[in-house]
Amino acid sequence: MEPIQLGPLTIYPFGIFIAVLLIPFFLLISFRMKKNGLKQGTASWFALLALPLSVILAHLLYCLMSIDMLIDGEDLGLFFRFPGGGYLLWGAIAGLLLAAKFTGMITKQSGAEIMDCVAVPTLLMIAAIRLVAGLLFKVNGVGVELEVWFNPEETDMANRLSIFRPENWSFFERFPFAVQDFYEVWVWAVFSLQAAFAALAAIPVSRVKAAPGGKTTFFLLLYSCGSLLMECMLIGGEIVYLPFNGFVKVNELFCAIAILSVFGICIHRLPKGQRLKPALITLVQFILAVGIIIVMEFAAFEKKIPEIAWLPADGCHLLVLLACIWMFLAFRSVWKKAYALQPAQ
């Protein structure tokens, strides 16, 4: 959606929506902090720090991950143009983590406990942002054209994206299944799935019983594993790739980094004599699962692996789903050992 000009003021509709969503976001955080017995004023300090840190880091990370395009276009001024857009969700999440840490230092409380109160509201906020961004911007969070996806006239499986060949797919030509792009062509609304997953993930995260920091690390692990699947479904649009590289999706890379960061934290919490075996077992499973995801990324839409060219994209995505579940279960076993609640003395 284009900015609205009111005299000397430029109003960005997306920014207005985000500003409105921040109200229930911080109210829910305040409620959860009070419920968990944190000191009065903790939510105020967190809000004061979270807003600038999340915005700055989300924008800075986007610029760093787009540095090749900025250099080619000689437009390094984008670093300082915050209203012009360009934000990465993982930068905002990093801002929330830092805000929780700094809030803990200021109020002399556990930063991990503070962030645990933020995990569920963050997932709900992500769900809302995914929907708003997908509906306002026609290139954000979308997949393949429905006509190309189903294409009943194509019989060669090496050229198909779906095993299903319905002659009429008009049922899916509506939100939340699909949206129309700039050319009024129906494309899969992957952002709907992203939003639904984030909202549903809030349920198990809210029910987690773990030592301080456990809810936060569980949120990062679950959200990262699920996001890997949906990133594989995206095509074109606003996908950000690794600088000077045309095929590594930045969000997939940061999902992997988040998973390995949680893994490192969990292994560090285990007794020294009990780290090596679970670390090796988990890392081997991670490498194998990631290998499947990488292969399926090349096989799904681009058909760059002739040996499995017969496998349609929906088959590839099913294998990615299984790999993500495998990865989550492997890391969850280490997480459960690391954040198990100690019995009361």
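Every value quoted in this text rests on a predicted model; they were computed, and no experiment measured them.
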* Any Glu231 side-chain heavy atom under 4.5 Å of Glu297 side chain -> no
* When rounded to the nearest 0.5 angstrom, what distance separates CZ in Phe328 from OG in Ser333? -> 10.0 Å
* To do: Report yes if the side chains of Trp188 and Phe172 come closer than 4.5 Å at any heavy-atom pair, otherwise no.
  => yes
* Asked: Does Leu49 reach the side chain of Ile106, with side-chain heavy atoms less than 4.5 Å apart?
  -> yes
* Side-chain touch Thr107/Phe46, heavy atoms, less than 4.5 angstrom -> no
* CG of Leu131 to CZ of Phe175: how many Å apart, nearest 0.5 Å? -> 5.0 Å
* **Which atom of Leu242 lies closest to which atom of Val250, heavy atoms considered** => N-CG2, 3.6 Å
For residues 196-204, which side-chain N or O atoms pair as donor and acceptor with protein atoms under 3.5 Å away, sequence neighbours left out?
none

* Would one find more than 12 heavy atoms of other residues, nucleotides or ligands at under 6.0 Å from atom CE of Met157? -> yes
* Asked: Heavy atoms, side chains only, cut-off 4.5 Å: are Leu57 and Leu98 in contact?
  -> yes
* Structure fact -> dist Ile308:CD1 -> Phe298:CZ (nearest 0.5 Å) comes out at 11.5 Å
* **Side chains of Leu234 and Asn251 in contact at under 4.5 Å (non-hydrogen atoms)** => no
* To do: Answer yes or no: is there a side-chain heavy-atom contact under 4.5 Å between Asn36 and Asp116?
  => no
* Structure fact -> Taken to the nearest 0.5 Å, the spacing of Ile129 CD1 from Thr122 OG1 works out to 9.5 Å
Please list, one pair per line, the donor and acceptor atoms closer than 3.5 Å that link side chains of residues 258-271 to other protein atoms, with sequence neighbours excluded.
unit_1: Ser261; atom_1: OG; unit_2: Ile257; atom_2: O; d: 2.7
unit_1: Arg269; atom_1: NE; unit_2: Ala338; atom_2: O; d: 3.0
unit_1: Arg269; atom_1: NH2; unit_2: Ala338; atom_2: O; d: 3.4

* Asked: Relative to the ring of Phe171, is the ring of Phe177 parallel (under 30°), tilted (30 to 60°) or perpendicular (over 60°)?
  -> tilted
* Close side-chain approach of Val320 and Cys316, heavy atoms under 4.5 Å -> no
* Straight-line distance of Leu161 CG to Leu311 CG, nearest 0.5 Å -> 11.0 Å
